[in-house]
Structure formats: C-alpha cells, structure tokens
Amino acid sequence: MSLLPIVFVQESPMRYFFALFTILVLSQPVAAVDKTSDHARKTLEIYTRIIAMETSKNLGNVPGMANYLADELRAAGFAAKDVEVIPVGETAALVVKYRGDGSSGKAPILLLGHMDVVEALAADWERPPFELTRDDKYFYARGSIDNKLGIAQLTATFIRLKKEGFVPNRDLIIAFSGDEETGMVSTRMLAFERDDLAGAAFALNSDAGGGTLDANGKAIVYGVQAAEKTFATWEVTVRNPGGHSSRPRADNAIYDLADIIKNIQAYRFPVRWSDMTRAYFRESGKQRGGDLGAAMIRFADKPEDVAASDRLAREPSYVGATRTTCVVTMLRAGHAENALPQSATATVNCRIFPGVRVAEVEAVLKEVSGNPAAEFVLQGDPTESPVSELRPDVAAAVGKAVHARYPHLTLIPYMESGGTDGMHFRKAGIPTWAVSSRFMDPDDMFAHGLNERMPIDGFYAGLDHWSIILKQLAGPGGQE
Ligand SMILES: [Zn+2]
C-alpha cells in the first residue's frame, strides 16, 4: 500500500458509476456486530498469528506464514492441490483456488494481498511491533493495517464460505504476494507467469481503497483504487573538465546542474482532467467549502480556469490529481573541497499519469533542462499501468458491502501515487480495484510508520465485507 497522497483518476469517464452513486449521505455505522461468531474468532486468531510472524524483507519468514495459512485452508476443506505455496527466493506467494461449479460461465476473480510488511524497529515503538496488542480503541502492530488485515480477512472469508457450504458460480482465487513492499518479484511472477491466473476476469485487492472517516467518526466517502500513477526516477548528470579551485572557469558542473534544477522547479506539466475528476472535484468542493472548495468547484466547471488549477496545485493532496509531477529529491556533486567539480548529479522523481508514457516525460524534462549536454538516466524499470475502468457489477457488489455499514455513502474511484501489487496485474491486462474493508480517519493512519494501528470497531464492522462482495459477484443472488 502506498502512503503517498491520494489523487483521483483522470482521463477515465465513469459516468455510469456516478449514476449509481450520486447521493452523498454522511452516516454512522449501522447494525451491531457479533464479536463471538466463529468467523469473528477465526479472523482474529489468524490476524494475531500472522502479525506475530516478522515478515519484513530478508528474514525468510514469509514461507512460514504462507504455510500456516495453507494449513488453515486445507483444514477447512480446501483440496491440497488447490492450495499452493510457491517459493520465490527468500519469500513466497500463496495461491488458493476456491473452485466454482462453472454455472455462470464466467472467468475467475483474483483476490490480492501481500504477506510481507515494512520493517519495524522495536526500540522505536511504544509497543512490540510483532505482537498484536490493544487498548480500548485500537489494535496495534506492524501489519495491523498494511496488509495483514486484508490477508486475515480474505483467508477467514474463504474458510467461512467453505464451512457454510457456499459453492461459487465461478472460481475465486487468492493470489497473495510475498514482497510487495520491496522488489515485487513474487507479484510479477503471479501477474505474468501463471497461466491459471492470467484468464481472470478481474482482481480485487485488499491492500488499498476504503472509507474515509472525519474526526467524529462519520463516513465521508468510500474510495475504490482504480489506477496508480507511474513512479519513475531519473538521474540527471552534468560533466565538466574540472580543475583546481584556485583557477575557476566560467562553466561549472554544479552551477550548470543548479540551472537545470531551477528550470525543473519552474516547469509545470499541463493540467489534465476528465468527466470523472470533474465529478470528483465537484463533490469534494461541496463537502469542503471555503476557498479551496470553491476552487474545486470552479475547476470542475471549467478545468481551463487557471486560477482554480493554480489553487489546487498549492495543495500537496490535490496537485497530483491535476497533472504529472516531477521533483528533485537528491543531489551528488564534486569530489574535493579544493577541486572544480567534474560532475554533478540530481535525482528527479516523477509521478506520471496513466496514459502518459515515461519516454514522453523524459523528452519534456530534457527540453525543460535547457542543457543539451545533460545526461538523463532512467533508474530501474518503471511499471506503466492503465486505469481500470470500474465495472458496474463490481461497483454494485462493493457498494452493497459498503452500504451494509454506511447506507447511501458515495463511492469514488481514485488513483494513488504508486505502490501496490495492482499495477502489475493491470499491466498484465487484468483490471484491478482495491476495495479494502477499512474505514479510517486519515489522521489515524500510521501504516509504514511507528505504532501502526487499526480501530477495533472497524475490524469487527468489516468482517462481512468480503463475503458480501464475493456472494454478490459469484453467488446465486449475484447481479452480474
Ligand atoms: Zn500494502
């Protein structure tokens, strides 16, 4: 899961979606939750057990966690051949097939999550990071949100449905990765090397998406993650013959690089919009009010309104929703205090809209640099992934799960700045939406950070989330 500011999908009209969910109602949760049900107890048991497994990178603990989950699923009645732990270097992936009767003739649904977690240094935490602890309001632990909540819920939901005797009308397939927070090697294996997964109709990811609560616990909106910006980084280097610092020359690698940096700082990529982002800003503007809200509404009405897009560009949370962004994040230059620099290098990190090619952005940066001699070297292998246009059947199923808790709440697709397994599945041609059960106040959000925590009420209130969605999409009452 990415913690970068959320931005909203552009270039992707989803009018039918807004036709379904145009009413915004601030609401409190409905229906009390039975915390003693078999499903509640099983979910908490799995959550507790897997949180105690320190699955940060290079510790080699992910295969043990995958095997534990596999044992639980086999004990619940899944056939051994349908529960597969796949070693990938020091980590592992888990694939579990919930066989359908095929009566719908529809392709399988993939269910995503990741078993690894970001590292946590116990000395810095107020509580032990790899033990589930609690107070009146929260569960605390590394992975309590990202993403062992999703792993526990999906696993326990498979167990629950199996025990209920539920037979889906199409295959449901868990595809858990084991290094989402680092190399995503296991993710790429699942997305690109498994013929049995490649034919899926779509994937639902437990690692992002979810509801936003205000400070009073009222639900504001439910976000469906439908796209991710492309994360791309360049190193920009300027070279110079150098020399003795007592004999300065007119040209200088550091000065030349400084000019380039100032040019990049001054450049803004063109504003982009779509019917969907305009609808998003119109709705958000009404909720927010004030001069920012007014700017959102003006942008929605007329995206060419430069004053409005300039106002949004001043907000770190919204600038990314209006354009591609690039920013200088690191510097390296010179080799001695008494020598003219022979090279100077800046790191430029960009968040690129889906549909805009990495190569296009590189061409723009080269031109903007104003220095034809500057060398641009793209770092790594950025993943360009398309927007997943939300399907009405998926929107309806997720809406049913959300509205069971918060009637009439608005669902809005959004794009994040990059960082979940979903981008690889989207790139592989499998539309992917992240639709976690989580409802949180953004100020409560400590994923990746110290003292990561999950509201206990939300943990229990979300217990039916996945079974409602799966029964709707693969059950006899499904509306697809
Ligand atoms: Zn995550």
Side-chain angles (χ1 to χ4, degrees), residues 1-7 46-47 50-51 53-59 61-62 65-66 69 88 91-94 110-120 129-130 132 139-155 174-191 203-212 223-229 231 351 383 385 388 414-427 432-440 442 444-455 458-459 462 465-466:
M1 176 177 63
S2 167
L3 286 187
L4 300 159
I6 282 173
V7 294
I46 293 172
Y47 189 55
I50 62 180
I51 275 171
M53 300 176 188
E54 185 172 352
T55 53
S56 320
K57 69 175 177 185
N58 297 332
L59 297 179
N61 289 333
V62 174
M65 173 173 157
L69 296 173
V88 181
T91 187
L94 176 66
L110 303 186
L111 300 159
L112 310 183
H114 63 88
M115 297 180 285
D116 59 313
V117 292
V118 173
E119 293 147 299
F130 296 100
L132 187 69
F139 287 126
Y140 295 85
R142 170 60 83 232
S144 55
I145 295 170
D146 184 14
N147 171 222
K148 286 176 173 172
L149 175 71
I151 297 285
Q153 285 187 330
L154 283 171
T155 304
I174 277 178
F176 291 161
S177 64
D179 61 341
E180 188 267 357
E181 301 286 7
T182 51
M184 295 200 188
V185 177
S186 61
T187 312
R188 282 193 288 269
M189 180 275 293
L190 292 167
L204 301 177
N205 188 355
S206 65
D207 188 32
T212 302
V224 176
Q225 188 231 52
E228 298 181 39
K229 274 180 135 178
F231 179 109
R351 309 303 175 114
T383 300
S385 61
S388 296
Y414 72 93
M415 173 171 66
E416 47 185 277
S417 298
T420 73
D421 287 334
M423 66 174 139
H424 294 290
F425 287 90
R426 291 190 186 105
K427 186 178 181 182
T432 300
W433 300 282
V435 293
S436 88
S437 70
R438 205 180 63 224
F439 273 76
M440 294 199 67
D444 262 351
M445 187 60 160
F446 296 106
H448 289 206
L450 289 175
N451 307 316
E452 182 177 343
R453 62 191 189 177
M454 171 69 201
F459 174 90
H465 181 79
W466 287 102

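First listed ligand is number 1; within each ligand, the first listed atom is number 1.
When rounded to 10 degrees, the angle formed at the Zn ion (ligand 1) by NE2 (His114) and OD1 (Asp146) equals 90°.
Here Glu181 fails the criterion, with no N, O or S atom under 2.8 Å of the Zn ion (ligand 1).
In this structure, Glu180 and Asp207 have side chains that are in contact, with non-hydrogen atoms separated by less than 4.5 Å. Annotation: side chain of Leu204 is not in contact with side chain of Leu112 (no heavy-atom distance under 4.5 Å).
Sorting the N, O or S atoms of Asp207 by how far they are from the Zn ion (ligand 1) puts OD1 first.
Take Phe130 and apply the ring-ring contact (aromatic ring centres under 6.0 Å, His included) test, not counting sequence neighbours, and it matches no residue.
Atom CG of residue Asn205 and atom CG of residue Asn147 lie 7.0 Å apart, to the nearest 0.5 angstrom.
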